[in-house]
Amino acid sequence: MERFFQQIVEWQLANGRKGLPWQETADPYRIWLSEIMLQQTQVSSVIAYYQKFLQTFPTVYALANASIDEVLAHWSGLGYYARARNLHKAAQMVVDTFDGKFPSDPNLLASLPGVGQSTANAIAAFSYGVTVPILDGNVKRLMIRYLGLQESVGGTAQEKKLWPIAINQVPADATHREMIAYTQGVMDMGNLVCKRTKPQCQVCPVAASCQAYHANQQDELPLPKPKKTVQTKRAYLCIYQNKDQIWLEKRPDSGIWGGLWSFPEEVDVIEASINLPVFTHVFTHFKLEISPLLITNMPPKNTENGNWFLLEDALTQGVPQPVRRIIETIAAMQQDYRLQSQN
DNA sequence: GACACGTGGGA
DNA sequence: TTCCCAAGTGT
């Protein structure tokens, strides 16, 4: 298997991605941050968040000392907000337990909340050159094709099978530089060559020994996952407005949009409210039809976990995407109203 | 093992 | 439009 390793390393150095913001550092804090942001999230979505986040929280100490509200505000719009809550906890753990220094032992790294085995190995390999492999979606797809496995991506049993193979591909005497190139290389391969659709086998460095390629199965593997039907839910979001201010409620820590600020939710229409246009927000596991209700003539029902915010301040808080969208709509309406009043 | 957890890109 | 799903982890 060592040949595979060398081929990926050489390919990455010649053809892999260069100059991504997190490729320009060996600081485990920055590498950890990038790995968490990149979980289930595309590179193009991450770059701006990563740079802004680092400006605000340049060190693990800065992050550990920040409030969870500040952290969520900088995560707002990225999704999977448990990552931000775990990131904050993990930063405090690094400061308290590891004296502010990220350990190089993947097992210790994996003890941090939000850091699983693959992310732990990525941090160890990139930061310290520890000779451990990653096993992310790219690698799974690559291995399913390379080994000609008649499977879809996913499942505990598959991971149990693939981990030892992934480990065997990494020579114990690989250098730090090689580990960086290999780890980046398997992901670049998945993104640029062994893509989900239209794999580029003609430029693949390991096509000669790829089972799927020899069987002309590169377009069929991995097998498609059985699809599940997503249900549609409806939510009435109540926008209590008092002049320039709107009322936001802090959501419970667990569940959808945990820890974020949102509009109070009702199960049905409220009297004396103005209906704003309905829109659909799509999650991976369900659809949400959102009916925003504007309420200007009565106070919020429940004032326990809420606060009044100026419109422009609300946009700087940790709010989920649909809430941001509604706030922007309200702000635009107010702007229109002001312009009309002047004329 | 199955499911919850966001959002936007690409076909 | 509709569907799949991306540098996964936690429960």
Side-chain angles (χ1 to χ4, degrees), chain A residues 16-17 20-23 31-50 72 75-87 89-90 109-123 125-126 133-142 152-160 162-163 180 182-192 194-198 219 222-233 251-260 262 279-288 290 318-325:
Chain A
R17 287 179 287 194
L20 293 171
W22 42 87
Q23 286 182 282
I31 290 165
W32 164 66
L33 175 65
S34 73
E35 290 300 327
I36 301 300
M37 284 190 166
L38 286 161
Q39 286 171 358
Q40 298 291 284
T41 310
Q42 298 184 347
V43 169
S44 58
S45 302
V46 166
I47 291 177
Y49 278 90
Y50 175 80
L72 283 171
W75 206 272
S76 177
L78 241 199
Y80 281 144
Y81 299 97
R83 292 184 295 173
R85 301 193 299 272
N86 285 330
L87 193 79
K89 283 186 208 142
L109 288 166
S111 72
L112 298 170
V115 178
Q117 194 64 59
S118 186
T119 299
N121 288 6
I123 298 166
F126 278 130
I134 59 169
L135 186 55
D136 68 347
N138 289 305
V139 177
K140 288 173 186 171
R141 182 172 61 254
L142 188 61
S152 57
V153 175
T156 316
Q158 181 177 80
E159 289 216 356
K160 201 174 160 71
L162 294 184
W163 267 117
I180 293 172
Y182 179 75
T183 308
Q184 187 64 48
V186 284
M187 291 188 287
D188 289 352
M189 279 284 294
N191 187 267
L192 302 170
C194 201
K195 301 187 293 182
R196 187 167 59 85
T197 58
K198 297 186 182 171
D219 292 316
L223 298 177
K225 282 191 222 187
K227 53 176 125 179
K228 34 189 113 169
T229 55
V230 298
Q231 60 169 331
T232 301
K233 303 178 187 176
R251 295 180 63 89
D253 245 9
S254 60
I256 200 88
W257 299 335
L260 273 69
S262 182
F279 63 96
T280 304
H281 187 73
V282 181
F283 297 90
T284 306
H285 48 305
F286 64 94
K287 285 187 193 177
L288 189 63
I290 298 176
V319 293
Q321 184 55 32
V323 171
R324 176 172 303 275
R325 173 176 165 167

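First the proteins, then the strands, lettered A, B, ... as listed; each starts at 1.
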S.K.: Among the candidates dG8(B), dA7(C), dT7(B), find the nucleotide nearest to the side-chain atoms of S45(A).
M.R.: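 Out of dG8(B), dA7(C), dT7(B), the nucleotide with an atom closest to S45(A)'s side chain is dG8(B).
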S.K.: Report the distance from atom OH of Y80(A) to atom P of dA7(C), rounded to the nearest whole Å.
M.R.: 13 Å
S.K.: Contact class for I134(A) vs. all strands (heavy atom < 4.0 Å): base, sugar-phosphate, or nothing?
M.R.: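 Result for I134(A) = nothing.
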S.K.: Whole-Å distance between dC3(C) P and F286(A) CZ?
M.R.: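 About 17 Å, once rounded to whole Å.
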S.K.: Between W75(A) and dT7(B), does any side-chain N or O lie under 4.0 Å from OP1 or OP2?
M.R.: no
S.K.: Do the rings of F283(A) and W257(A) sit parallel, tilted or perpendicular, given the 30° and 60° boundaries?
M.R.: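 F283(A) vs W257(A) ring planes: tilted.
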S.K.: In whole angstrom, give the distance that lies between atom CG of N191(A) and atom P of dG10(B).
M.R.: 10 Å
S.K.: Describe the nucleic acid contact of V43(A) in one word from base, sugar-phosphate, nothing, applying a heavy-atom distance below 4.0 Å.
M.R.: base
S.K.: Contact class for P222(A) vs. all strands (heavy atom < 4.0 Å): base, sugar-phosphate, or nothing?
M.R.: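 Result for P222(A) = nothing.
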S.K.: Return yes if the base of dG8(B) and the side-chain atoms of T41(A) contain a donor-acceptor N/O pair under 3.5 Å, otherwise no.
M.R.: no
S.K.: Nearest to the side chain of H281(A), which nucleotide is it out of dT9(C), dA11(B), dT7(B)?
M.R.: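 Of the options given, the side chain of H281(A) lies nearest dT7(B).
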S.K.: Return the 5'-most residue of the pair Q40(A), K198(A) with respect to DNA chain B, ranking by each residue's nearest nucleotide.
M.R.: Q40(A)
S.K.: Check the distance between dG8(C)'s P and I36(A)'s CD1 and give it to me in whole angstrom.
M.R.: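 Distance check: I36(A) CD1 to dG8(C) P gives 11 Å.
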S.K.: Determine the Euclidean distance between corresponding P atoms of dC5(B) and dA7(C); express it in Å to zero decimal places.
M.R.: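 About 23 Å, rounded to a whole number of Å.
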S.K.: When all nucleic acid strands are considered with a 4.0 Å heavy-atom cut-off, which category describes A122(A): base, sugar-phosphate, or nothing?
M.R.: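 Since no nucleic acid heavy atom lies under 4.0 Å of A122(A), the category is nothing.
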S.K.: Using whole Å, what does the distance between atom C1' of nucleotide dC5(C) and atom CZ of F283(A) come to?
M.R.: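 The answer, rounded to whole Å, is 16 Å.
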S.K.: Describe the nucleic acid contact of V282(A) in one word from base, sugar-phosphate, nothing, applying a heavy-atom distance below 4.0 Å.
M.R.: base
S.K.: Can you tell me which nucleotide in dC3(B), dG6(B), dA7(C) comes closest to the side chain of K228(A)?
M.R.: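 So the nucleotide nearest the side chain must be dC3(B).
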S.K.: Can you confirm whether more than 12 heavy atoms, excluding those of K195(A), are under 6.0 Å from its NZ atom?
M.R.: yes
S.K.: Measure from NE2 on H285(A) to P on dA2(B) and round the result to the nearest Å.
M.R.: 17 Å
S.K.: As a test of reading the structure: which of dT7(B), dC4(C), dG8(C) is closest to the side chain of R196(A), going by heavy atoms?
M.R.: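 For R196(A), the side-chain atoms sit closest to dC4(C).
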S.K.: Distance from S118(A) atom OG to E159(A) atom CD, nearest 0.5 Å?
M.R.: 8.0 Å
S.K.: Distance between the C1' atoms of dG6(B) and dC5(C), in whole angstroms?
M.R.: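 The answer is 12 Å between these two C1' atoms.
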S.K.: Regarding G155(A), tell me which of base, sugar-phosphate or nothing describes its non-hydrogen contacts under 4.0 Å with the strands shown.
M.R.: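 It contacts nothing in the nucleic acid.
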S.K.: So which heavy atom on L260(A) is nearest to which on V319(A), and how close?
M.R.: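 For L260(A) and V319(A), the tightest heavy-atom pair comes out as CD2-C, 3.6 Å.
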S.K.: Between P113(A) and L223(A), just flag the one whose closest nucleotide in DNA chain C comes earlier from the 5' side.
M.R.: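 Looking at the nearest nucleotide for each, L223(A) comes out on the 5' side.
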S.K.: Answer yes or no: is there a side-chain heavy-atom contact under 4.5 Å between W32(A) and V115(A)?
M.R.: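 They are in contact (side-chain heavy atoms under 4.5 Å apart), so the answer is yes.
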S.K.: Measuring from the side chain of Q321(A) (C-beta onward, heavy atoms only), which nucleotide among dT7(B), dA4(B), dG8(C) has the closest atom?
M.R.: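 The listed nucleotide nearest to Q321(A)'s side chain is dT7(B).
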S.K.: Mind checking P320(A) for me? I need base, sugar-phosphate or nothing, with any heavy atom below 4.0 Å counting as a touch.
M.R.: sugar-phosphate
S.K.: Closest approach to the side chain of L38(A), judged atom by atom: which nucleotide of dA11(B), dA7(C), dT7(B) is it?
M.R.: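 Among the listed nucleotides, the one closest to the side chain of L38(A) is dA7(C).
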S.K.: Given dA7(C), dC5(C), dG9(B), identify the nucleotide with an atom nearest to the side chain of W22(A).
M.R.: dA7(C)
S.K.: Closer to the 5' end of DNA chain C via nearest nucleotide, is it N138(A) or K287(A)?
M.R.: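 The residue mapped nearer the 5' terminus is K287(A).
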S.K.: I want to verify a distance call: between dC3(C), dC5(C), dA7(C), whose nearest atom is closest to the K227(A) side chain?
M.R.: dC3(C)
S.K.: Classify the nucleic acid contact of G190(A) as base, sugar-phosphate or nothing, counting any heavy atom under 4.0 Å across all strands shown.
M.R.: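 The answer is nothing, as G190(A) stays clear of every strand by at least 4.0 Å.
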S.K.: Considering just the side-chain nitrogens and oxygens of T156(A), establish if one lies under 4.0 Å of OP1 or OP2 belonging to dG1(B).
M.R.: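 So the side-chain polar atoms of T156(A) do come within 4.0 Å of the phosphate oxygens OP1 or OP2 of dG1(B), strictly under.
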S.K.: Figure out the CD1/P separation between I47(A) and dG8(B), and round it to whole Å.
M.R.: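 It works out to 16 Å between those atoms.
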S.K.: Work out which heavy atom in P133(A) is nearest to a heavy atom in W163(A); give both atom names and the distance.
M.R.: O-CZ3, 3.5 Å
S.K.: Is any side-chain N or O of Y81(A) closer than 4.0 Å to OP1 or OP2 of dT7(B)?
M.R.: yes
S.K.: For dT9(C) and dG8(B), measure between their P atoms and round to the nearest Å.
M.R.: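 One P to the other, the span is 23 Å.
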S.K.: Quick one: the side chain of T119(A) and the base of dT9(C), do they pair up donor-acceptor inside 3.5 Å?
M.R.: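 In this structure, the two groups form no donor-acceptor pair.
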S.K.: Picking from dG10(C), dG6(B), dT7(B), which would you name as closest to the side chain of N86(A)?
M.R.: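 Selected nucleotide (nearest to the side chain): dG10(C).
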S.K.: Measuring from atom CD of Q184(A) to atom CG of L20(A), what distance do you get when rounded to the nearest 0.5 angstrom?
M.R.: 6.5 Å
S.K.: Calculate, to the nearest 0.5 Å, the distance between atoms OH and CE belonging to Y182(A) and M189(A) respectively.
M.R.: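 Those atoms lie 10.0 Å apart.
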S.K.: Could you give the CE-to-C1' distance, from M37(A) to dG8(B), as a whole number of Å?
M.R.: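 It works out to 16 Å between those atoms.
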S.K.: Could you check whether the side chain of T284(A) and the base of dG6(B) have a donor-acceptor pair of N or O atoms closer than 3.5 Å, going by distance alone?
M.R.: yes
S.K.: Quick check: any donor-acceptor pair below 3.5 Å linking the side-chain of R17(A) to the base of dA7(C)?
M.R.: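 A donor-acceptor contact between them is present.
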S.K.: For the side chain of Q184(A), starting at C-beta, report the closest nucleotide among dA11(B), dA7(C), dA6(C).
M.R.: dA7(C)
